[in-house]
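One structure is given below, encoded as structure tokens.
The structure presented is a predicted model; accordingly, all values stated were derived computationally and were not measured. To find a chain, count down the sequence lines: A is the first, B the second, and so on, and within it residues start at 1.
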2 protein chains.
Amino acid sequence: MSDPSNIIKQIIGKTLKAIRLKQGLSQEDLAHECDVDRSYISMIEVGRNEPSVTKIFELCKGLKIKPSDFFKLVEGEYEKARKNG
Amino acid sequence: MSDPSNIIKQIIGKTLKAIRLKQGLSQEDLAHECDVDRSYISMIEVGRNEPSVTKIFELCKGLKIKPSDFFKLVEGEYEKARKNG
DNA sequence: CTGTAGACTTTAGTCGACG
DNA sequence: ACGTCGACTAAAGTCTACA
């Protein structure tokens with residue numbers, strides 16, 4: 001069906017990982033901060049699962065960033081991907 | 001525990017409906033624009049289902065708004081809800 | 001035009017354990 | 001410190017049809 005499903009999943013994972021690394025956090029650290037499973041964070045970052053908006057809000061809380069800023073980054077990457085193919 | 005799951009679900013639905021109505025669109029119109037089922041849009045607006053980020057991007061495309069703007073509205077309502085309880 | 005109800009398939013999300 | 005596999009429960013998402 002609509003293929004953007006995979007694109008966004010990948011971008012979310014990539015974005016999450018970039019922010020986490022920039023803050024010098026391990027997946028375990030973040031998992032503990034947000035009270036979510038570490039293996040689940042791994043799945044998100046790898047692009048295997050697409051987290052719900054609720055989960056993203058929790059993740060952002062752990063990362064101390066605003067969800068709207070996170071989604072702005074995602075949107076930026078999405079537009080970039082759509083331009084290039 | 002505080003059930004943020006439900007809160008965000010409700011806010012997304014409420015936000016989607018507000019934007020849709022402001023544009024004078026019916027659920028059917030929007031469903032046709034985005035190529036998603038009409039009954040599913042109803043479920044979202046009523047707060048029964050929480051749409052994935054991918055779905056929200058599709059919905060925003062049909063509404064001709066930027067996803068980041070949508071999430072900004074959601075975040076605003078979320079903060080408001082957290083302040084009041 | 002909208003909400004809801006089945007019935008159904010796919011995916012998210014949790015958890016323990018292993019390389 | 002990270003990825004993944006397996007198994008499970010819950011929820012997303014599709015579609016038809018009725019009030």
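Between B:K17 and the phosphate of C:dT2, there is no side-chain N or O to OP1/OP2 separation shorter than 4.0 Å. Residue B:S52 places none of its side-chain N or O atoms closer than 4.0 Å to OP1 or OP2 of C:dT11. When the side-chain nitrogen and oxygen atoms of B:N49 are compared with OP1 and OP2 of D:dG13, none of them lie within a distance under 4.0 Å.
As a whole-Å value, the separation of A:D37 CG from C:dG16 P is 8 Å. Following rounding to the nearest Å, A:L30 (CG) and D:dG3 (P) show an atom-to-atom distance of 13 Å. Residue B:D35 contributes atom CG, which lies 15 Å from atom P of D:dG13 at whole-angstrom precision. The distance from atom CD1 of B:I41 to atom P of C:dT2 is 9 Å, rounded to the nearest whole Å. In this structure, the CE atom of A:M43 is 10 Å from the C1' atom of C:dC15, given to the nearest Å. Put simply, NZ on B:K9 is 10 Å from C1' on D:dA10, counting in whole angstrom units. One can place CD1 of A:I12 at 10 Å from P of C:dA12, the figure rounded to the nearest angstrom. Taking atom CD1 on A:I44 and atom P on C:dT14, their separation rounds to 9 Å, with Å as the unit.
A side-chain donor from one of B:T54 and A:E50 sits under 3.5 Å from a side-chain acceptor of the other.
Out of D:dC15, C:dG13, C:dT2, the shortest distance to the side chain of B:S39 is found at D:dC15. Checking D:dG3, C:dG3, C:dA5 against the side-chain heavy atoms of B:Q27 singles out C:dG3 as nearest. Relative to the side chain of B:V46, the nucleotides C:dG13, D:dG3, C:dT4 differ in distance, and C:dT4 lies closest. When distances are taken from the side chain of A:Y40 to each of D:dG13, C:dC1, C:dG13, the shortest belongs to C:dG13. Residue B:E28 has its side chain nearest to C:dC1 when only D:dG6, C:dG3, C:dC1 are considered.
We find the CG-NE2 distance between B:L25 and B:H32 to be 12.5 Å, quoted to the nearest 0.5 Å. Between B:I41 atom CD1 and B:D37 atom CG the span is 8.0 Å, to the nearest 0.5 Å.
The base of C:dG16 is not paired with the side chain of A:R38 by any donor and acceptor separated by under 3.5 Å.
Along DNA chain C, the nucleotide nearest to B:D29 and the one nearest to A:K55 differ in position, and the one closer to the 5' end is contacted by B:D29. Projected onto DNA chain C by closest heavy-atom contact, B:R48 and B:S26 fall at different nucleotides, the more 5' of which corresponds to B:S26.
Linking Ile, Leu, Val, Met, Phe, Trp and Tyr residues whenever their side-chain heavy atoms come within less than 4.5 Å places A:L59 and B:I7 in a single cluster.
B:Y78 and A:F57 have perpendicular rings, their planes meeting at more than 60° on a 0 to 90° scale where under 30° would count as parallel.
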